[in-house]
Novice: 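Here it is, the structure, as structure tokens.
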Amino acid sequence: MSNLLANLNTEQLQAVTLPAQHGLILAGAGSGKTRVLTTRIAWLIQSGQVDPAGILAVTFTNKSAKEMLARLATMLPVSTRGMWVGTFHGLSNRLLRAHHRDAGLPQLFQILDSADQLAAIKRLLKTLNVDDEKFPPRELQQFINGQKDAGIRAHAVEAWDDYTRQRVQLYQEYESQCQREAVVDFAELLLRSYELLERNEPLRRHYQRRFRHILVDEFQDTNRLQYRWLKLFADEGREGGAAMFCVGDDDQSIYRFRGAEVGNMLDFEREFRVPNVIRLEQNYRSHSNILDAANAVIRHNTKRLGKNLWTDQGAGEPIRVYEAFADGDEARWIVEEVQALVREGALRSEIALLYRSNAQSRVLEHQLFSAAIPYRVYGGLRFFERQEIKHALAYLRLIANEDDDTSFARVVNFPTRGIGARSLELLSDAARTYNTSFYATVPHLSGKPGSVLAQFVRLVEDMRRDTAGLPLPEVVDHVLDHSGLRAHYKADKDGRERLENLDELLNAAAYFAAEVQVNARTDADSEVDARMQAHAQLADFLAHASLEAGDHQADQGADAVQLMTVHSAKGLEFNAVFLSGLEEGLFPHENSILESDGLEEERRLMYVAVTRARERLYLSFAQSRMLHGQTRYNLRSRFLEEIPTELVKWLTPPNPRSAAGGAMGGVGGGYFKPSAPVPLERAPRPSFATLPNGLKIGQSVSHAKFGQGVIVAAEGSGTDAKVQIKFETAGVKWLLLAVAKLEAV
DNA sequence: TAATCGTTGGTTTTT
DNA sequence: CCAACGATTA
């Protein structure tokens with residue numbers, strides 16, 4: 001045990017060994033938050049204060065749940081069996097499966113991910129003949145999820161205007177549709193399990209007695225419903241309830257836009273009369289120049305619980321700041337700098353290129369690609385979100401739950417079987433009159449549509465029959481073959497990658513089944529009925545696929561430069577970090593300036609970005625940037641001005657003209673702001689009539705390599721000026737005037 | 001049913 | 001500018 005607690009600092013030790021009371025741990029970036037959380041669990045168990053089954057540990061992502069379990073495994077000699085560690089959604093799912101009857105759900109209910117939910121809403125609007133211009137599906141989705149995240153059912157929504165009343169009605173209709181189809185969306189998992197425990201006292205008491213310690217990671221990211229969910233387990237903090245141990249950092253709360261309530265931290269402290277509030281302020285990640293910059297920036301926020309990070313690692317290198325003319329130049333400079341770092345022996349995977357919005361990755365990728373530097377972009381399609389995977393899963397879901405109309409509609413004509421929009425409309429109408437699922441409605445139909453649909457139903461029936469009792473991987477394999485998916489992609493000339501992904505799905509199923517085997521042997525908690533096994537395991541796998549969409553990209557092994565948004569960088573760290581696009585309107589984002597407290601959230605985002613760096617931090621911005629097909633001229637971000645001058649080393653001469661208004665004394669400090677001349681956003685627009693070299697649109701020119709052509713368009717000015725030329729033989733091309741040697745003909 | 005054209009909109013994201 | 005989606009057409 002002494003081993004367990006070795007090398008903890010005073011505050012960490014205090015947090016880890018807190019008595020069985022509520023605790024709020026304000027853990028700054030890089031202060032060893034995860035370590036404290038896991039060590040506390042290990043300590044509680046090892047010191048005999050609690051049985052593993054008395055632990056409930058909640059995280060936001062599967063990744064952190066896994067990491068926690070992995071670390072626990074190295075700390076504890078006993079197995080983690082009986083412990084509940086997982087995401088809010090994963091644990092809710094577990095609860096609902098175990099008590100599906102009490103929750104009013106069939107055992108094999110399916111989980112809708114966001115895309116499925118959107119499809120379900122679109123389908124609903126169609127069947128109800130609702131104008132989707134008046135009720136945009138996306139907005140409706142947000143509305144419904146927003147209500148659910150606040151714990152509000154359709155009947156309880158306060159609607160003061162007609163529009164809201166109509167949306168509430170659609171919310172209600174959506175609910176009925178989900179119930180009819182035995183599907184549950186993400187927000188519903190939470191709400192349903194919350195209501196289950198709230199209404200079922202014996203069950204609630206059971207879990208309240210069972211879990212003696214509830215530990216929550218990233219507490220600042222909880223939404224209202226999640227907080228209430230936790231309170232339910234903790235018996236509202238009453239005497240005899242579980243001890244709540246919440247770890248979070250209000251300064252890293254960057255998900256308000258999706259419902260996170262930092263206020264939960266204050267509410268928790270107040271409502272639970274938390275006797276222990278501990279601040280972890282020693283940072284083990286970054287040199288002090290970087291930390292000081294982060295502290296200086298976040299100090300500008302008013303709504304804080306208050307915290308100041310420090311380190312004993314020394315000042316380290318200055319923060320490097322670079323001003324570029326255009327986004328392309330900025331990217332080129334970043335890539336050169338990356339190359340220099342790599343030459344000095346840096347690992348590419350230890351270099352991160354961060355940006356505020358995904359669109360910015362394009363320029364960076366372009367330059368990296370030209371320089372042949374391996375890179376990896378985070379974000380984008382994840383494994384279980386791929387088209388071919390979703391198709392395969394839809395077949396599997398139909399086997400588990402034939403009432404899942406979303407899945408039915410998805411694959412009824414994929415691969416094509418001559419079932420078009422016409423037949424589907426017919427079916428949808430009939431389903432409405434009979435009030436049955438698509439699947440169950442098919443026998444009611446006659447004629448040609450009836451028979452092709454019946455054939456499809458027979459296909460699913462056959463697959464269900466033939467896979468009954470088979471091990472999961474064989475079920476998947478069978479379905480891939482008999483659904484025609486494999487054949488379809490084999491025939492498709494660019495289907496190779498999709499075929500490989502389908503094989504990967506097979507691997508995932510095999511892996512999953514093996515994992516379940518292991519757990520079933522060790523998990524005393526599960527009482528699995530062998531007869532239910534086969535298809536229950538299928539349902540578990542499908543839930544797993546929905547809840548854990550898999551990684552964004554497969555090639556993790558390679559040593560590649562890491563590209564991602566600041567949001568996705570949260571929780572990660574790198575030796576060198578490049579933060580690009582530090583411009584007003586971009587970061588802070590223009591939309592955030594209108595939102596109340598939006599700027600403070602942007603600043604927290606900046607704080608997160610800066611604290612990702614261990615040794616080197618580069619900040620850069622460009623005077624002009626291509627956005628939405630237009631060149632925009634931005635001032636540098638106000639966040640730059642918030643960093644004390646002495647921490648910074650300018651790689652380009654500090655330019656007062658690109659400084660944003662506001663606080664002086666930061667990076668741009670000491671420079672007088674000129675009153676009159678040329679705000680950069682008024683930079684001259686390119687003239688299309690006459691181009692720098694005396695060329696005109698419509699003019700015939702000749703090019704050494706491409707031959708004769710006509711100028712059809714022009715864009716940009718100065719060294720950036722480009723012309724589009726339609727060549728007689730070489731096609732249409734964009735050429736840089738400064739580079740291409742053109743001769744008027 | 002597939003292919004093509006035109007329109008639209010374009011922070012951030014996990015479950 | 002460029003991707004994604006929807007509507008139209010072969």
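Note on naming: letters A, B, ... go to the chains in the order of the sequence lines (proteins, then strands), and numbering restarts at 1 for each one. Reckoned from all heavy atoms, side chains included, excluding hydrogens, waters and symmetry mates.
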Novice: What's the closest nucleotide to the A:Thr87 side chain, out of B:dT12, C:dC2, B:dT15?
Specialist: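 Of B:dT12, C:dC2, B:dT15, B:dT15 is nearest to the side chain of A:Thr87.
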Novice: So, is the end of the A:Arg486 side chain (NZ or CZ) under 6.0 Å from the ring centre of A:Tyr489 and within 45° of the ring's axis?
Specialist: no
Novice: Take A:Phe233 and A:Trp84 through the test ring-ring contact (aromatic ring centres under 6.0 Å, His included) and record every step on the way to the result.
Specialist: CA-CA 12 Å; A:Phe233 276 98; A:Trp84 276 35; 7.4 Å; no
Novice: Find out whether A:Gln117 and A:Gln141 are in side-chain contact, i.e. whether some heavy atom of one side chain is under 4.5 Å from a heavy atom of the other.
Specialist: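 Sidechains of A:Gln141 and A:Gln117: in contact.
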Novice: May I have the distance from A:Leu424 (atom CG) to B:dT1 (atom P), rounded to whole angstrom?
Specialist: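 Whole-Å distance recorded here is 10 Å.
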Novice: With rounding to the closest Å, how many angstrom separate the C1' atoms on C:dC5 and B:dT12?
Specialist: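 That atom pair is separated by 22 Å.
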Novice: For the side chain of A:Ser568, counting heavy atoms from C-beta on, which of B:dT15, C:dC1, B:dT13 is nearest?
Specialist: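 Shortest atom-to-atom distance from the side chain points to B:dT13.
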Novice: Listing time: all N or O pairs from protein to nucleotides 8-11 of chain B that are below 3.5 Å?
Specialist:
unit_1	atom_1	unit_2	atom_2	d
B:dT11	O4'	A:His589	NE2	3.3
B:dT11	O4	A:Glu595	OE2	2.6

Novice: Quick one: classify the glycosidic conformation of B:dT11 as syn or anti, with syn meaning within 90° of 0.
Specialist: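 This nucleotide is in syn.
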Novice: Categorize A:Lys122 for me: base, sugar-phosphate, or nothing, with a 4.0 angstrom heavy-atom threshold over every strand shown.
Specialist: sugar-phosphate
Novice: Answer with base, sugar-phosphate or nothing: what part of the nucleic acid does A:Asp185 contact at a heavy-atom distance below 4.0 Å?
Specialist: nothing
Novice: Using the test salt bridge (Lys or Arg N to Asp or Glu O under 4.0 Å), find all partners of A:Asp597 that sit at least two apart in sequence or belong to another chain.
Specialist: A:Lys303
Novice: If I take atom CZ in residue A:Phe186 and atom C1' in nucleotide B:dT13, what distance separates them, rounded to the nearest angstrom?
Specialist: 11 Å
Novice: Using whole Å, report how far CZ of A:Phe384 lies from P of B:dT14.
Specialist: 16 Å
Novice: Roughly how many Å is it from CD in A:Gln142 to P in B:dT13, rounded to a whole number?
Specialist: 15 Å
Novice: A:Leu91 CG to B:dT14 P: how many Å, rounded?
Specialist: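 To the nearest whole Å, that distance equals 19 Å.
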Novice: Could you state the interatomic distance from CD (A:Glu548) to CZ (A:Phe384), rounded to the nearest 0.5 Å?
Specialist: 8.0 Å
Novice: Sequence neighbours left out, what passes salt bridge (Lys or Arg N to Asp or Glu O under 4.0 Å) with A:Arg356? Give chain and number order.
Specialist: A:Glu602
Novice: Is the distance from OP1 or OP2 of B:dT15 to the nearest side-chain N or O of A:Arg258 less than 4.0 Å?
Specialist: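 No, no such contact exists.
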Novice: Work out which heavy atom in A:Asn264 is nearest to a heavy atom in A:Arg224; give both atom names and the distance.
Specialist: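 It is ND2-N, 4.3 Å.
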Novice: Please list, by residue number, the residues of residues 408-423 of chain A whose heavy atoms come closer than 4.0 Å to an atom of DNA chain B; answer none if no residue qualifies.
Specialist: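 Within residues 408-423 of chain A, the residues near DNA chain B are A:Asn413, A:Thr416, A:Gly418, A:Ile419, A:Gly420.
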Novice: Taking only the side-chain nitrogens and oxygens of A:Arg362, find out if one of them lies under 4.0 Å from OP1 or OP2 of C:dA3.
Specialist: yes
Novice: If the P atom of C:dA4 is compared with that of B:dT13, how far apart are they to the nearest Å?
Specialist: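 Straight-line distance between the two P atoms is 15 Å.
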Novice: How long is the line joining CG of A:Asn62 and P of B:dT13, in whole Å?
Specialist: 17 Å
Novice: Rounded off to whole Å, could you give me the CD-to-P distance for the A:Gln387 and C:dA4 pair?
Specialist: 12 Å
Novice: What residues, two or more places apart in sequence or in another chain, satisfy side chain to side chain contact (heavy atoms under 4.5 Å, CB included) together with A:Val130?
Specialist: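 Partners of A:Val130 by the side chain to side chain contact (heavy atoms under 4.5 Å, CB included) criterion, ordered by chain and then number, come out as A:Leu125, A:Leu128, A:Phe135, A:Leu170.
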Novice: Just checking, A:Arg638 and A:Phe587: is the charged tip under 6.0 Å from the six-membered ring centre and within 45° of the axis?
Specialist: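 No, A:Arg638 does not lie over the aromatic ring of A:Phe587.
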Novice: For A:Asp149, enumerate each residue passing the salt bridge (Lys or Arg N to Asp or Glu O under 4.0 Å) test, keeping only those at least two apart in sequence or located in another chain.
Specialist: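 Listed in chain order: nothing, the list is empty.
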Novice: Expressed as a whole number of angstroms, how long is the span from A:Leu586:CG to B:dT12:C1'?
Specialist: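 Checked: the CG to C1' distance equals 12 Å.
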